[in-house]
Amino acid sequence: MANNSSAQTEQTRRVVDLLAARRDEILNLWIKERLESDEFRDELISKKELRQQSQQLVDALARSIQASNGADFDDAEFNELRAFLNQISRQRAVKGYTPTENATYILSLRNVVIPLLAEELGGDTAALVREMDYFTRLLDKMGLVMVENFIRSREEIIRQQRADMLELSTPVIKVWDKILTLPIIGTLDSRRAQLMMEALLQRIVESGSTVAILDITGVRTMDTLVANHLLKTVTAARLMGARCILTGVSPAIAQTMVQLGIDLSQITTRAQMADGIKLALELVGRTVVPAALVAHLRANGTAPGYKPHEQSAATNNADTKQ
Amino acid sequence: MESRSIALEHEPDIVVARNEVRRLARALGFSPTDQTRLATVASELARNVVKYAGHGRLIAQPITDSDGRTGLRLIFEDTGPGIYDLAAAMRDGFSTGGGLGKGLPGSRRLVHEFQIESSPERGTRVSVVRWT
């Protein structure tokens with residue numbers, strides 16, 4: 001066993017020696033290789049930045065191999081290198097690199113180091129194979145870390161974008177004095193439902209509203225979680241003295257709700273938003289009547305503020321006298 | 001038509017699962033109400049995976065029976081802690097997560113076939129089928 005570990009130290013010293021002794025040469029060759037490849041995009045990274053990154057990477061790699069006595073990438077001594085890889089792959093994800101470009105950057109170091117290693121080791125084929133095997137395995141692991149973290153970073157960006165959109169998509173609209181509407185569109189997950197409830201309750205207080213219409217015409221799927229959120233919102237609004245009306249329940253959602261066994265009977269519902277608005281107006285003591293009827297009433301002198309100058313009013317007046 | 005497999009880890013994956021199942025159901029000729037039923041089942045069961053196991057997947061398989069009838073099978077599997085009391089979990093109103101307790105029993109009512117297996121060693125596997 002002791003023999004084995006000393007042999008490992010012996011073989012890995014060669015790569016470390018090479019990385020240390022011919023560091024600048026390796027760096028120059030590597031950067032030249034990168035700049036000449038089709039993948040170099042100077043709009044994304046400056047030559048100076050590329051050089052700096054590559055230098056830090058080679059140094060960290062040499063340090064890790066040295067400190068770990070030539071262990072594999074899983075060794076704790078590689079944590080610094082791993083952290084550095086995570087950092088640059090995140091930067092690259094933000095800049096819009098592809099996963100392939102990201103991995104190729106690391107893997108291309110092999111094209112530079114292997115020929116130099118062969119040169120260094122001369123005719124010792126056994127040593128060359130061992131060193132190559134070790135170094136290639138390290139680079140493969142590093143490339144995978146780059147790709148994995150790159151994808152994770154992209155996912156983070158997407159999640160962030162999604163969160164940003166959520167903030168915008170919970171409008172509470174005042175349709176009339178004391179009446180609010182909340183058109184719910186798309187997906188109602190926990191976070192969005194929470195935001196929606198907060199926005200609604202806040203507006204109820206600010207506007208002194210007593211009726212809120214929750215319209216789910218734009219909701220395609222209502223599961224038990226969404227139903228639960230709606231019930232909680234309705235209860236909370238009621239505690240604040242406002243009544244909720246649920247509108248826009250599609251036939252498909254209605255049937256699904258019944259089969260799921262969700263009891264929404266404590267919520268007042270109307271098929272369409274228009275019916276909801278009509279009910280809401282009644283609840284605040286108002287009603288919508290045809291303009292002609294109002295004119296008719298005025299013409300008969302039953303409403304205050306009558307001024308007999310409209311033609312339609314005059315016609316109506318004549319009609320009623322018959 | 002090919003099966004689809006969807007990773008279930010975060011809340012947005014539930015939305016992906018739901019939309020994918022709806023798309024498949026529509027392509028297989030399910031009625032709009034059935035599409036909603038299947039999407040709702042996908043939503044319920046995918047949420048269970050994300051909420052209680054944290055990691056798992058949904059496999060959606062279009063199937064045909066001996067009479068040539070088309071169906072959609074949805075398999076939800078995870079390697080989570082399993083369901084401690086399966087009989088209780090299948091009862092209406094039972095919830096350990098503060099929900100309405102309608103997810104599992106409600107889902108069963110929305111499909112034609114419903115199988116559930118759960119153990120602390122192997123996690124939970126729910127397989128459902130709805131025919132056109």
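Numbers restart at 1 for each chain; the letters A, B, ... are given by sequence-line order, proteins then strands.
- By the neighbour-count criterion of 12 heavy atoms within 6.0 Å, atom CZ of A/Arg82 is densely surrounded, having more than that number from other residues, nucleotides or ligands.
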- Task: List the steps and the verdict of side chain to side chain contact (heavy atoms under 4.5 Å, CB included) for A/Met257 and B/Thr40.
- Result: CA-CA 9 Å; A/Met257 288 281 96; B/Thr40 307; 5.8 Å; no

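- For B/Arg18, the part lying near chain A is the side chain, with the backbone staying farther off; criterion is any non-hydrogen pair under 4.5 Å.
- Around the NZ atom of A/Lys278, the shell of radius 6.0 Å holds no more than 12 heavy atoms that belong to other residues, nucleotides or ligands.
- Only the side chain of A/Gln255 comes within contact range of chain B, judged by heavy atoms closer than 4.5 Å.
- Residues B/Pro32 and A/Ala252 share a closest heavy-atom pair of O-CB, 4.2 Å.
- With a 4.5 angstrom heavy-atom cutoff, B/Arg22 touches chain A only via side-chain atoms.
- Between A/Leu260 and B/Asp92, the closest heavy-atom pair is O-OD1, 4.4 Å.
- For the atom pair B/Leu110 CG and A/Thr256 OG1, the distance stands at 6.0 Å (nearest 0.5 Å).
- Applying the 6.0 Å contact sphere to CZ of A/Arg238 captures more than 12 heavy atoms from other residues, nucleotides or ligands.
- Contacts between residues 201-225 of chain A and chain B, counted as heavy-atom pairs separated by less than 4.5 Å, involve A/Arg220, A/Thr221, A/Met222, A/Asp223, A/Thr224, A/Leu225.
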